[in-house]
Amino acid sequence: QVQLVESGGGSVQAGESLNLTCTAPGFTSNRCAMDWYRQAAGKEREWVSTISTDGNTYYAASVKGRFTTSQDKPTGTLYLQMNDLKPEDTAVYSCQTKTRCTYRDTSGGWYPGSYRGQGTQVTVSS
């Protein structure tokens, strides 16, 4: 079963950087359109960024110019480089497929579907 796993979260000071990674262990994809979302404690889930299948990127106004999303095409690994972090960036960050996407395992099996990770905590202190 395909599971998306985020990593790279942690606790940092304001102004510092983190690089989040989203992988599907045991599976690869051929560049699916992917989203990053975040959810702060007590708040609604918030869209952060999107990378399309042709590599175009889109960002929420609150992170534009500070965050960069990218994707390794051969493996489908997704990244979110976060620079100049602010306390208001504190949240659980999660990745998900934007639309249905097909992952493949090492045996050649195909797994079409929509997938979402559990998230990784990012805490930024002032």
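FYI, the numbering just counts along the sequence from 1.
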Inset, instruction - Is it possible for you to say whether L20 and V92 belong to one hydrophobic cluster, with membership spreading through side-chain heavy-atom contacts below 4.5 Å? - result: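 In one cluster with L20: V92, no.
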Legend entry - Same cluster (ILVMFWY, side-chain, under 4.5 Å), L80 and L4: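 Yes.
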Inset, instruction - Applying ring-ring contact (aromatic ring centres under 6.0 Å, His included), run through F67 and Y59 and close with a yes or a no. - result: CA-CA 8 Å; F67 290 12; Y59 300 95; 8.1 Å; no
Legend entry - Distance under 6.0 Å and angle within 45° of ring axis: R38 vs Y93: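 No.
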Inset, instruction - Evaluate the criterion side-chain contact (heavy atoms from CB on, under 4.5 Å) for residue pair Q81 and S17; output intermediate values, then yes/no. - result: CA-CA 7 Å; Q81 176 66 42; S17 300; 3.8 Å; yes
Inset, instruction - Begin with the C-alpha distance, continue with both residues' side-chain angles, and end with the deciding distance and a verdict on salt bridge (charged side-chain N to carboxylate O under 4.0 Å, His left out) for D35 and R116. - result: CA-CA 9 Å; D35 290 332; R116 173 178 163 180; over 6 Å; no
Legend entry - Worked check of side-chain contact (heavy atoms from CB on, under 4.5 Å) between C95 and Y37: CA-CA 6 Å; C95 61; Y37 279 82; over 6 Å; no
Legend entry - Inter-residue atom distance C101.SG - F27.CZ, 0.5 Å rounding: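 If we round to the nearest 0.5 Å, C101:SG and F27:CZ are 12.0 Å apart.
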Is there a side-chain contact between [X] and [Y] (heavy atoms, below 4.5 Å)?
{"X": "S49", "Y": "M34", "answer": "no"}
{"X": "E16", "Y": "L85", "answer": "no"}
{"X": "Q71", "Y": "Y79", "answer": "no"}
{"X": "T21", "Y": "T77", "answer": "yes"}
{"X": "S94", "Y": "E6", "answer": "yes"}
{"X": "Y103", "Y": "T28", "answer": "no"}
{"X": "Y58", "Y": "N56", "answer": "yes"}
{"X": "L78", "Y": "T69", "answer": "yes"}

Exercise: identify the closest heavy-atom pair between [X] and [Y]:
{"X": "S126", "Y": "Q13", "answer": "O-OE1, 3.6 Å"}
{"X": "Q121", "Y": "A91", "answer": "NE2-O, 3.4 Å"}
{"X": "A24", "Y": "V2", "answer": "CB-CG1, 4.2 Å"}
{"X": "S114", "Y": "T97", "answer": "CA-OG1, 3.3 Å"}

Inset, instruction - For the pair K86 and R66, evaluate side-chain contact (heavy atoms from CB on, under 4.5 Å) and give the outcome as yes or no after the intermediate values. - result: CA-CA 10 Å; K86 306 175 185 297; R66 299 187 297 121; 3.6 Å; yes
Legend entry - Main-chain N/O of V124 paired to T90 side chain as donor or acceptor, under 3.5 Å: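 Answer holds: yes.
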Inset, instruction - Could you go through the side-chain contact (heavy atoms from CB on, under 4.5 Å) check for D89 and M82 one step at a time? - result: CA-CA 9 Å; D89 295 319; M82 305 186 297; over 6 Å; no
Legend entry - Full working for side chain to side chain donor-acceptor pair (under 3.5 Å) between D105 and Y111: CA-CA 8 Å; D105 64 18; Y111 300 83; 2.7 Å; yes
